[in-house]
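Step one of this worksheet: look at the structure below.
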Amino acid sequence: MPSPANQDKQDTLLELLLRKDEAGMRYLFDHYGGALNNIIGRIVTEPQTCEEVLQDVLLRIWENADTYEPGKSRLFTWMARIARNAAIDRVRSKGYRQNGKTDGIDAIVVNHTTLSETMPVEHIGLAKLLDALDNNYRSIIDLLYFKDYTQAETAEALDLPLGTVKTRSRRALQKLRELLKNELIILLIISLF
Amino acid sequence: MDIQAYINSGVLELYVLDRLSPDERRQVETYAEQYPDVRQEIEEIELALEEYALLNGQLTPPPPTALTAVLMALPNTAAAQPSATKDDPPSAAPPPRRPNWPLWLLALALGMALFGLYYFYQQAQSRGTSIGELQQRFTTLEQDCERIRDNNQENRQQLALLSDADTRGIVLAGSDNAPDSRAVVFYNQQAGEVLFSAANLPAPPTGKQYQLWAIDANGPQDLGVLDEELTSDTLLDVRFIPDAAAFAVTLEDAGGKPSPDLSQLQVIGEVPAAP
């Protein structure tokens with residue numbers, strides 16, 4: 001069941017992008033800039049380079065919106081893929097010393113802990129969600145979604161047999177969906193008042 | 001092919017996460033086209049990750065300088081794309097806004113309030129109309145009441161006079177001119193009042209009017225002409241003449257005369273001497 005708010009946002013953005021309207025860029029930046037920046041920032045850790053990649057990604061989305069196929073995936077999935085690929089291309093290119101992948105899984109998990117501790121009050125919903133999501137589940141989602149980890153690398157990083165990455169990611173996503181559903185209900189109730 | 005088992009295998013998650021080999025990816029896409037359940041599951045996984053990414057994105061707001069930079073990098077849409085401007089004039093409709101729940105609720109409440117106001121306004125209007133009608137009827141009744149009260153008062157006064165011991169009832173009997181005519185005068189010397197009733201006077205011929213006279217030591221005194229439509233059940237309050245000896249009615253030209261034409265005498269009656 002698609003969330004109505006996200007569906008509306010996606011439709012609005014796509015319409016603006018296809019119209020080649022400058023407002024489309026502003027809308028993209030306002031509503032998805034943070035998420036795209038987050039995806040890029042997980043892979044490209046250097047802030048200056050990260051911003052360069054973000055600009056590049058925003059322009060690519062704006063320019064290539066007509067190649068997006070609505071029947072195949074959601075708009076955000078498409079945009080997130082562009083962002084991740086752009087970030088990966090950048091770290092693989094010469095002149096950028098890749099250090100993200102050499103970070104162990106410990107670094108990622110520790111990073112999470114400090115994140116939720118230093119989180120501003122307005123992100124309390126996310127903090128609670130991250131706390132509720134078991135560390136192992138969180139790690140597998142983050143490694144696969146945000147980092148450039150293959151199934152094999154993920155299995156190695158999490159010390160899992162290779163065949164279990166699929167089922168583990170399934171369980172992790174199920175848990176995430178369950179938590180988000182509750183979160184959405186609360187958000188919906190809040191937005192009504 | 002057990003679709004549920006396929007969904008549960010986690011392959012769809014890896015598909016959305018873009019972690020499948022090209023062969024596996026094509027297989028997932030084939031299934032997604034064949035089975036709506038697979039399509040639906042993929043969409044839900046996408047939504048969950050989207051939500052997760054957006055929540056995480058709240059922690060990493062993009063630098064505003066990035067927006068300035070990309071806006072500068074955009075081709076000048078108005079000048080560089082004449083086809084786009086043709087389809088979309090600069091004053092094109094603003095981007096569609098997402099429906100705003102509180103606003104809709106507010107509009108609904110406002111609409112209902114307006115309807116309510118209109119309804120009560122109508123009610124007040126119709127009540128105002130009926131109040132106006134009632135007020136008119138009330139005024140009419142009040143006037144009726146006043147008239148009846150005045151009438152009643154007059155009747156009571158007349159009754160008081162009639163039942164007064166000093167009141168003399170004088171029957172004016174018909175003269176030779178009109179043997180059947182009768183009239184009655186009630187005369188009260190002490191109270192100074194005179195009442196007249198045309199007990200039986202035929203309607204006067206056209207151009208003529210009855211005139212009432214009191215006769216005292218100075219001769220006949222004019223008491224006024226009688227209304228042509230005077231009925232027998234009316235008691236007229238007429239001018240008092242002290243020490244009247246007799247009362248008479250003559251038939252005169254319309255408007256009356258200063259002195260009576262005694263040849264036209266209709267009825268006459270003498271005041272009996274005081275006891």
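Below, chain A is the first sequence line, B the second, and so on; all start at residue 1.
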Next item on the list: Inspect the surroundings of CD in A:Glu156 and state if more than 12 heavy atoms from other residues, nucleotides or ligands are less than 6.0 Å away.
Entry: no
Note to self: Using only atom types and a distance under 3.5 Å, with no angle test, would you say the side chain of A:Arg81 pairs donor to acceptor with the backbone of B:Val16?
What the structure shows: yes
Check: If you count the non-hydrogen atoms of other residues, nucleotides and ligands that lie under 6.0 Å from CG in A:Asp159, is the total more than 12?
Finding: no
Next item on the list: Compare every heavy atom of A:Phe29 with every heavy atom of B:Ala66, then report the nearest pair and how far apart it is.
Entry: CB-CE1, 4.1 Å
Next item on the list: Take A:Leu144 and B:Glu13 through the test side chain to side chain contact (heavy atoms under 4.5 Å, CB included) and record every step on the way to the result.
Entry: CA-CA 10 Å; A:Leu144 289 168; B:Glu13 277 79 2; over 6 Å; no
Notebook entry, point to check: Top residue by heavy-atom pair count (under 4.5 Å) with chain B, among A:Ala80, A:Pro47, A:Gly24, A:Ser73?
Noted result: A:Ser73
Notebook entry, point to check: Got a second to check how far B:Asn8's CG is from A:Gln174's CD, nearest 0.5 Å?
Noted result: 7.0 Å
Note to self: Nearest 0.5 angstrom please: B:Leu71 CG to A:Glu22 CD, how far?
What the structure shows: 5.0 Å
Checklist line | Verdict with supporting geometry, B:Leu17 and A:Ile141, side chain to side chain contact (heavy atoms under 4.5 Å, CB included) | finding: CA-CA 9 Å; B:Leu17 290 165; A:Ile141 294 175; 5.5 Å; no
Notebook entry, point to check: Using non-hydrogen atoms only, which part of B:Ile42 is less than 4.5 Å away from chain A: side chain, backbone, both, or neither?
Noted result: neither
Note to self: For a 4.5 angstrom cut-off between non-hydrogen side-chain atoms, does A:Arg177 reach B:Leu47?
What the structure shows: no
Check: Would you say B:Gln123 has more than 12 foreign heavy atoms packed within less than 6.0 Å of its CD?
Finding: yes
Notebook entry, point to check: Could you go step by step and tell me if A:Arg74 and B:Glu43 meet the salt bridge (Lys or Arg N to Asp or Glu O under 4.0 Å) rule?
Noted result: CA-CA 7 Å; A:Arg74 292 182 51 78; B:Glu43 170 119 358; 3.6 Å; yes
Check: Hey, are the side chains of A:Leu54 and B:Pro63 touching, using non-hydrogen atoms and a 4.5 Å cut-off?
Finding: yes
Checklist line | Contact origin within B:Leu12 toward chain A - heavy atom pairs under 4.5 Å | finding: neither
Next item on the list: Any chance you could lay out the side chain to side chain contact (heavy atoms under 4.5 Å, CB included) test for B:Leu74 and A:Leu59, step after step, and finish with the verdict?
Entry: CA-CA 8 Å; B:Leu74 289 186; A:Leu59 284 171; 3.8 Å; yes
Note to self: For A:Gln151 and B:Leu20: C-alpha separation, side-chain torsions, deciding distance, then whether side chain to side chain contact (heavy atoms under 4.5 Å, CB included) applies.
What the structure shows: CA-CA 8 Å; A:Gln151 284 190 58; B:Leu20 293 181; 4.1 Å; yes
Next item on the list: Please say which of A:Leu179, A:Asp142, A:Leu173 ends up in a side-chain contact (heavy atoms from CB on, under 4.5 Å) with B:Tyr52.
Entry: A:Asp142
Checklist line | Closest heavy-atom pair and its distance - A:Tyr145, B:Glu50 | finding: OH-N, 4.5 Å
Next item on the list: Identify the two heavy atoms, one from B:Gly10 and one from A:Arg170, that lie closest to each other, and give their separation to 0.1 Å.
Entry: CA-CB, 3.6 Å
Checklist line | A:Arg84 versus chain B, the contacting section by heavy-atom distance below 4.5 Å | finding: side chain
Checklist line | Working for side-chain hydrogen bond (donor to acceptor under 3.5 Å, both in side chains), residues B:Glu46 and A:Thr77 | finding: CA-CA 6 Å; B:Glu46 288 188 83; A:Thr77 307; 2.4 Å; yes
Item checked: For the student: nearest non-hydrogen atoms of A:Asn37 and B:Pro61, plus distance -> ND2-O, 3.5 Å
Next item on the list: Pick one of side chain, backbone, both or neither for B:Glu33, based on which atoms fall under 4.5 Å of a heavy atom in chain A.
Entry: neither
Next item on the list: Taking all heavy atoms of B:Leu54 and all of A:His31, pick out the closest pair and write down the distance.
Entry: CD2-O, 3.7 Å
Note to self: Restricting to non-hydrogen atoms, name the atom on A:Gly34 and the atom on B:Thr60 that form the minimum distance, rounded to 0.1 Å.
What the structure shows: O-OG1, 3.0 Å
Checklist line | Rounded distance [0.5 Å steps], OG in A:Ser169 versus CD1 in B:Ile45 | finding: 8.5 Å
